[in-house]
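What follows is a short report on a single structure.
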2 protein chains.
Amino acid sequence: MQSKPSHKTIRDIAELAGVSLMTVSRVINNSPLVRESTREKVMAIIEEQKFKVNITARSLVSQKTYTIGVFFSTIEHKVSDSFTMQCLREIYNTLAPGYNMVVKDFSQGLYEYNPSRTDGIIFISMQESDDEFISLIQQENPKIVVINRRTSIPNIINITIDEEAGAKAAVELLIRKGYKNIGLINGQPNIQANIDRANGYYQALQEARLPVNAARIYNGSFNFEGGYLMMTRLLQNTPDVDAVFCANDEIAVGALKALEERGLKGKIAIVGFNDSEIGRYTTPPLTTVHKPVDEMARQGCKALFDLINGKEHSELRHVLPTELVIRKSATKKID
Amino acid sequence: MQSKPSHKTIRDIAELAGVSLMTVSRVINNSPLVRESTREKVMAIIEEQKFKVNITARSLVSQKTYTIGVFFSTIEHKVSDSFTMQCLREIYNTLAPGYNMVVKDFSQGLYEYNPSRTDGIIFISMQESDDEFISLIQQENPKIVVINRRTSIPNIINITIDEEAGAKAAVELLIRKGYKNIGLINGQPNIQANIDRANGYYQALQEARLPVNAARIYNGSFNFEGGYLMMTRLLQNTPDVDAVFCANDEIAVGALKALEERGLKGKIAIVGFNDSEIGRYTTPPLTTVHKPVDEMARQGCKALFDLINGKEHSELRHVLPTELVIRKSATKKID
DNA sequence: TTGAAAGCGCTACCAC
DNA sequence: GTGGTAGCGCTTTCAA
């Protein structure tokens with residue numbers, strides 16, 4: 001003696017409307033093959049009964065989940081919250097109608113991954129070791145896009161930002177302003193952005209025929225604490241430094257704090273990276289490199305839906321340019 | 001002439017293993033009703049074929065989606081990124097095994113909501129107007145939890161934080177330190193946290209028999225810019241203010257910036273709210289109110305899974321306490 | 001323009 | 001222990 005389930009199905013609606021369940025299906029799918037009067041009759045019952053189509057049943061037959069995955073290298077503290085949220089917001093706002101987004105981190109590997117749960121995936125990748133996991137997934141589900149980090153996986157859509165050129169431009173600015181002993185405070189060494197930004201730093205120095213001094217280069221973490229600790233250490237070990245390129249804005253904020261404590265604020269130039277909101281509210285306001293995260297996320301999301309919808313995407317790799325944002329933390333050197 | 005689909009089903013595995021599909025089903029569900037040798041044989045084929053169960057099909061018959069919704073009042077700029085990320089991280093880490101989380105904002109209302117897509121929902125609510133939407137959803141799907149904001153909806157699990165007591169404690173601290181002309185910089189007036197924190201401010205003043213002066217109260221936005229703009233206006237209009245309670249830490253950072261520009265840093269005490277990371281790296285370091293966001297999110301998520309699993313939850317409402325974090329931005333008043 | 005039948009991939013239920 | 005059958009709620013295909 002089974003009682004009826006509480007939710008309504010198209011069969012219930014069909015009975016109430018005195019039509020077949022196929023007609024109801026046509027109505028909810030906006031098929032033109034329904035007489036207008038029939039459609040109205042069915043729609044009235046649907047509204048009255050507050051009927052909502054069962055997405056699971058639809059998914060089973062259509063072989064689509066109407067869900068995409070947004071997978072982070074790690075949802076933990078490796079990147080700044082503002083960056084993560086910027087990605088999520090932009091992807092959310094670019095979702096195709098009717099689509100949901102599932103947020104996951106893939107630091108635990110394949111263990112919980114099941115291709116039947118998503119129509120496609122955007123990877124926000126941070127480090128080279130991600131590629132192993134991404135390739136495995138690619139074999140089962142080719143509808144994937146990698147953003148934020150250059151990947152060497154073939155035949156994959158990969159939207160990145162020219163981190164190296166951005167970092168180089170930042171250091172070149174410092175050189176133009178008259179700084180010669182330029183330090184570098186970086187984040188976790190395994191993060192690709194770290195490697196790229198360090199390369200930009202090296203290049204700028206080399207092209208200006210300035211020596212690269214390993215004693216001025218520090219690796220910490222991409223956060224306030226990393227910046228503070230490394231700047232403190234840098235000031236102790238290499239007090240001749242006159243400017244520091246910080247690999248992101250959080251590091252720069254921490255570095256400014258260390259300068260302030262030693263009464264050196266304004267004496268040593270600081271440049272950040274990312275153009276986070278906070279940089280406009282530091283003292284002095286932060287010169288930084290604008291990273292077009294919104295654009296990257298949007299393009300990645302659009303490319304994924306093109307893939308899902310079977311549209312060909314001719315350009316597999318897309319590298320977006322950065323832009324220098326000049327504020328007061330790196331003005332002309334005064335001796 | 002239809003070619004076989006690329007993905008494997010339990011039927012394929014059954015054929016390859018020479019058993020019925022029921023046996024395969026039992027194996028993937030860890031049923032004890034399978035002979036060990038049979039299990040091993042089937043498992044070998046599963047691994048060899050890289051078979052993964054189709055979650056959609058399982059969902060259709062089990063009437064479970066293995067997905068929860070994490071719905072924000074708005075994913076846009078009403079709250080700080082650090083708060084949003086803290087909620088997401090903690091919920092993610094509290095998810096039951098096999099569960100996915102879908103992140104959405106419900107600023108657009110019911111339009112896209114479909115109860116067949118989630119087994120339950122955690123609402124991170126910000127404003128009273130959310131209740132209308134939440135009640136509508138509650139009718140179709142009673143497995144919901146509301147966190148962050150007191151809701152008047154009956155029979156609903158509601159985990160909040162005693163914002164009022166936290167704000168009151170912060171202002172009482174200022175009073176104890178000798179401040180008398182205490183301003184308030186708040187966020188958007190419709191946000192509940194705003195109302196609660198303002199009430200805490202009023203209460204502390206009233207209990208200390210200090211006058212509440214409307215000219216010292218400013219409403220802006222819960223971000224750096226709001227703090228900066230309102231502090232600037234406050235300094236112009238009511239220069240007798242000797243301390244300011246800011247409704248969150250981002251506001252406090254903006255306010256410190258405005259003070260610094262006028263050479264007033266250290267002269268006017270500042271207290272924030274939330275205990276965000278940034279507060280440890282301002283100058284001076286920020287005295288603030290610790291909001292146990294992690295705990296709130298974790299309890300909300302656990303309660304939701306209790307609900308989903310049919311466990312009774314005796315305590316519907318839970319209010320978590322805050323804690324004062326004393327740093328240098330609000331030391332004893334010096335005249 | 002409408003409807004009947006088949007079946008998506010899986011689990012619940014019953015039989016052996 | 002194992003297998004057959006029904007059916008979750010929907011769309012696709014074909015027939016009327």
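What you are looking at is a predicted structure, and each value in this text was computed from that prediction instead of being measured. Hydrogens, waters and symmetry mates are skipped; everything else that's a heavy atom, side chains included, is used. Chain letters run A, B, ... following the sequence lines, proteins first, then strands; residues in each count from 1.
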Query raised in the report: According to the interplanar angle, ranging from 0 to 90°, do the rings of Phe133(B) and Phe123(B) count as parallel (below 30°), tilted (30 to 60°) or perpendicular (above 60°)?
Result: perpendicular

Query raised in the report: Can you find a side chain N or O atom of His7(B) that sits less than 4.0 Å from OP1 or OP2 on dC8(C)?
Result: no

Report summary line: Looking only at heavy atoms, the pair that brings Thr56(B) and Leu60(A) closest together is CG2-N, 3.5 Å

Query raised in the report: Between residues 34-47 of chain B and DNA chain D, which residues have a heavy-atom gap below 4.0 Å?
Result: Val34(B), Arg35(B), Thr38(B)

Query raised in the report: Base, backbone or nothing for each nucleotide of nucleotides 10-16 of chain D, written B, S, -, heavy atoms under 4.0 angstrom, 5' to 3'?
Result: BBB----

Report summary line: Rounded to 10°, the helix from dT1(C)-dA16(D) to dC16(C)-dG1(D) deviates from straight, judged by its five-pair end axes, by 40°

**Report entry** Student check: side-chain heavy atoms of Tyr66(B) and Ser59(B) closer than 4.5 Å
**Finding:** yes

Requested in this report: State which residues pass salt bridge (Lys or Arg N to Asp or Glu O under 4.0 Å) with Arg150(A); sequence neighbours excluded, sorted by chain then number.
Outcome: Asp196(A)

**Report entry** Separation of atom CD in Glu15(A) from atom P in dG3(C), rounded to whole Å
**Finding:** 13 Å

Query raised in the report: Who pairs with Glu48(B) by salt bridge (Lys or Arg N to Asp or Glu O under 4.0 Å), at least two apart in sequence or on another chain?
Result: none

Query raised in the report: If only side-chain N and O atoms of Gln63(B) are considered, is one of them under 4.0 Å from the OP1 or OP2 phosphate oxygen of dT11(C)?
Result: no

Requested in this report: Determine the minimum heavy-atom distance between Phe305(B) and Leu95(B), stating which atoms define it.
Outcome: CE1-CA, 3.8 Å

Requested in this report: Return the minimal non-hydrogen interatomic distance between Val103(B) and Tyr92(A), and the atom names on each side.
Outcome: O-CE1, 3.7 Å

Query - Nucleotide nearest Leu33(A) (side chain, heavy atoms from C-beta), chosen from dG9(C), dG3(C), dT2(C) - result: dT2(C)

Query raised in the report: Roughly, in whole Å, what's the span from CG in Asp12(A) to P in dC8(D)?
Result: 11 Å

Query raised in the report: So does Glu295(A) have more than 12 non-hydrogen atoms from other groups sitting under 6.0 Å from CD?
Result: yes

**Report entry** salt bridge (Lys or Arg N to Asp or Glu O under 4.0 Å) against Asp294(A), all qualifying residues, sequence neighbours excluded
**Finding:** none

Query raised in the report: Considering only heavy atoms from C-beta outward, does the side chain of Gln192(A) approach that of Gln127(A) to under 4.5 Å?
Result: no

Query - Lys/Arg-Asp/Glu bridge criterion (N-O < 4.0 Å) met for Asp131(B), Arg149(B) - result: yes

